[in-house]
Asker: 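Sharing a structure, written as C-alpha cells. Questions coming.
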Amino acid sequence: ADTALYAAKLSGRGRCRLDDLDSAELAHDLAQALSAGQVRAWFQPVVRPTTGEVVGVEALARWRHPERGCVRPDEFIAVAETTGLIGELGAAVLADACRGAVELARVHGDGLLLTVNVSGRELVSEGYAERALALVRASGWPVERLVVEVTESLLDASSGPALETLHRLRAAGARVAIDDFGTGYSAFSRLDTLPADYLKLDHGFTAQITTSDRRAGVLQALLSLSRALGMQVIAEGVEDEEQDALLGALGCPLAQGYLYARPAPVAELLARPAPAGTR
Ligand code: C2E
Ligand code: CA
Ligand code: CA
Ligand code: CA
C-alpha cells in the first residue's frame, strides 16, 4: 500500500488525499527510524517551585528525521497508534528513557523520578504491564522510581483493561500520573477513584492561575484535595516567575516548564552545571 501511495504522489495524480499520503509516508519513515534507533527520549526536569530543585525528569519522544529534522511527537504518536507501531515506539522510548535516567541519577541523586508517557493503545494491549516492567528491570532503573503518565480520558468507567494495567504496574511498585488534568474530563468528584499518585495540571490551566483569581482558587482547592488523597500535583507549562512564585506560595509540590528547563537530550543535561539548591 505504501508503494502505491508513493507512486500516486510521484505521478502527481491518484485518488488519495494529501494528508493520507503524508501519514502513509510518515508511517513508512517511522518504521525505518525505529529500526535505525532514530527515535530517542529527551528529558525535561520536574522541579520544586521557587527552589528549582530537580526531583525528576519526564521522557519525551523525539524523532531525528534525516530530511525533516526533529519531528515533534504530536506529529507521529497518532500515526504510530493507527499503524500499530506504537508498541515498538513505546518500548524504544522506554528503554532509552531508562538508560538516560540511569546517567542523570548520577548527577541528580538516587531519588530521581523518571516519568514516561503511555498511550491508550499501549495501555490496553495484552501483557503491557509485564513487558514494560521486564524492560525497566533489564535496564537497571528501579521500578519504584518509574512514573507512568496516562490521560484521564482513558480511565472512564468503560476502560477496565486500562485500569487493570495500572493496578498491575502499581502492584509492582511503579507509580501513576494523570496527565493533562484540567482539560475537560476532569471531575473533582472522581479523583478519589483514580489509581493515581500524581496529577499533572495542563498548560492551559497553569497559564490562567495568575490571570484569574477563580482559577487560583480552583488550584488551591485542588492542592488541598490532592493532599488529602495522597496525590502530588505537578503544574505543567510554567513559563514565568509570577506563576512560579504563586505555585510556591500555594504549596504546589512540583512543577515543569520552559521557565526551569526545556526538554533536551541527556548529554545536554549532563553538560549543564550541577543544579544549585536555589535559583
Ligand atoms: P505532554 O505529555 O503533555 O508533554 C508536555 C509537552 O509540553 C511536551 O511537548 C513539552 O515539550 C511541552 N512543554 C514543556 N514545557 C512547556 C512550557 O513551559 N510551555 C509550553 N507551551 N510547552 C511546554 P512534546 O514533547 O512536543 O510532546 C507532546 C505530547 O506528545 C506529550 O504531551 C505527550 O502527550 C506526547 N508524547 C511525548 N512523548 C511521548 C511518548 O514517548 N509516548 C507517547 N505515547 N506519547 C508521547
Ligand atoms: Ca506527559
Ligand atoms: Ca501534559
Ligand atoms: Ca498532552
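Atoms within each ligand, like the ligands themselves, are counted from 1 in listed order. Atoms considered below: every heavy atom in the structure, side chains included; atoms not considered: hydrogens, waters and symmetry mates. Throughout, numbering of the chain's residues begins at 1 and tracks the sequence.
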Asker: Quickly, which of V147, V57, V136, L146 forms a side chain to side chain contact (heavy atoms under 4.5 Å, CB included) with V116? Name it, please.
Answerer: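 Of the listed options, the one satisfying the test is L146.
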Asker: Report the member of V150, L259, D179 with the shortest heavy-atom distance to atom 1 (P) of ligand 1.
Answerer: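 Among V150, L259, D179, the closest heavy atom to atom 1 (P) of ligand 1 comes from D179.
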Asker: Against heavy atoms of G237, which atoms of ligand 1 measure under 4.0 Å?
Answerer: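 What qualifies from ligand 1 is 17 (C), 18 (O).
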Asker: Within the 4.0 Å heavy-atom shell around S119, which atoms of ligand 1 are there?
Answerer: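 Selected atoms, number and element: 44 (N).
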Asker: For Y198, is the NZ or CZ atom of R175 found under 6.0 angstrom from the centre of its six-membered ring and inside 45 degrees of the ring axis?
Answerer: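 No cation-pi geometry.
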Asker: Check I77 against ligand 1 and report side chain, backbone, both or neither, counting heavy atoms closer than 4.0 Å.
Answerer: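 Within the 4.0 Å criterion, I77 contacts ligand 1 through side-chain atoms alone.
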Asker: Hey, which atoms in ligand 1 end up nearer than 4.0 Å to a heavy atom of E58?
Answerer: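 Here the atoms of ligand 1 in question are 2 (O), 4 (O).
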Asker: Which residue from V118, L94, N117 reaches closest to atom 39 (C) of ligand 1 through any of its heavy atoms?
Answerer: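 Looking at heavy atoms only, the winner is N117.
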Asker: Which ligand 1 atoms, with their elements, are less than 4.0 angstrom from a heavy-atom of D180?
Answerer: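 Ligand 1 atoms under the 4.0 Å threshold to D180: 3 (O).
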Asker: For R68 and D29, which heavy atoms make the closest approach, and how far apart are they?
Answerer: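 Minimum heavy-atom contact is NH2-OD2, 3.8 Å.
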Asker: Heavy atom to atom 28 (C) of ligand 1, shortest distance: which of L60, V116, D74 holds it?
Answerer: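 That would be D74.
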Asker: Report, in ascending order of atom number, the atoms of ligand 1 lying under 4.0 Å from any heavy atom of E236.
Answerer: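 Ligand 1 atoms under the 4.0 Å threshold to E236: 3 (O), 5 (C).
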Asker: Would G90 count as a contact residue for ligand 1, given that I'm defining contact as a non-hydrogen atom of the residue lying under 4.0 Å from a ligand atom?
Answerer: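 In this structure, G90 fails to qualify as a contact of ligand 1 - no heavy atom is under 4.0 Å.
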Asker: Can you check which of Q256, R40, Q44, E81 brings a heavy atom nearest to atom 15 (N) of ligand 1?
Answerer: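 Result: the heavy atom closest to atom 15 (N) of ligand 1 is in Q44.
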Asker: Restricting to non-hydrogen atoms, name the atom on W141 and the atom on L112 that form the minimum distance, rounded to 0.1 Å.
Answerer: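 Between these two residues, the closest heavy atoms are CZ2-O, 3.4 Å.
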Asker: What heavy-atom pair brings L269 and L104 nearest, and what distance separates the two atoms?
Answerer: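 Taking L269 first and L104 second, the nearest heavy atoms are CB-CD2, 3.8 Å.
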Asker: Would one find an N, O or S atom of T115, in either backbone or side chain, under 3.0 Å from the Ca ion (ligand 2)?
Answerer: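 Of the N, O and S atoms in T115, none lies under 3.0 Å from the Ca ion (ligand 2), which means no.
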Asker: For atom 17 (C) of ligand 1, tell me which residue out of Y258, W42, Y260 has the closest non-hydrogen atom.
Answerer: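 Looking at heavy atoms only, the winner is Y258.
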Asker: Give the single entry among Q243, R262, H203 that approaches atom 12 (C) of ligand 1 most closely by any heavy atom.
Answerer: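 Looking at heavy atoms only, the winner is H203.
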Asker: Of all heavy-atom pairs between Q243 and A207, which one has the smallest distance, and what is that distance?
Answerer: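 Heavy atoms of Q243 and A207 come nearest at NE2-CA, 3.8 Å.
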Asker: Have a look at the Ca ion (ligand 3) and estimate, to 10 degrees, the angle subtended by OE1 (E236) and OD1 (D180).
Answerer: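 Vertex at the Ca ion (ligand 3): approximately 120°.
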Asker: Check D179 and report its N/O/S atom nearest to the Ca ion (ligand 3), by atom name.
Answerer: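 Relative to the Ca ion (ligand 3), the closest nitrogen, oxygen or sulfur of D179 carries the name OD1.
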Asker: Within the structure, does A61 bring an N/O atom to less than 3.5 angstrom of an N/O atom in ligand 1?
Answerer: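 A61 vs ligand 1: N/O contact under 3.5 Å present.
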Asker: Decide, yes or no, whether a salt bridge links R99 with E103 under the criterion of side-chain N to carboxylate O below 4.0 Å.
Answerer: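 Salt bridge absent between R99 and E103.
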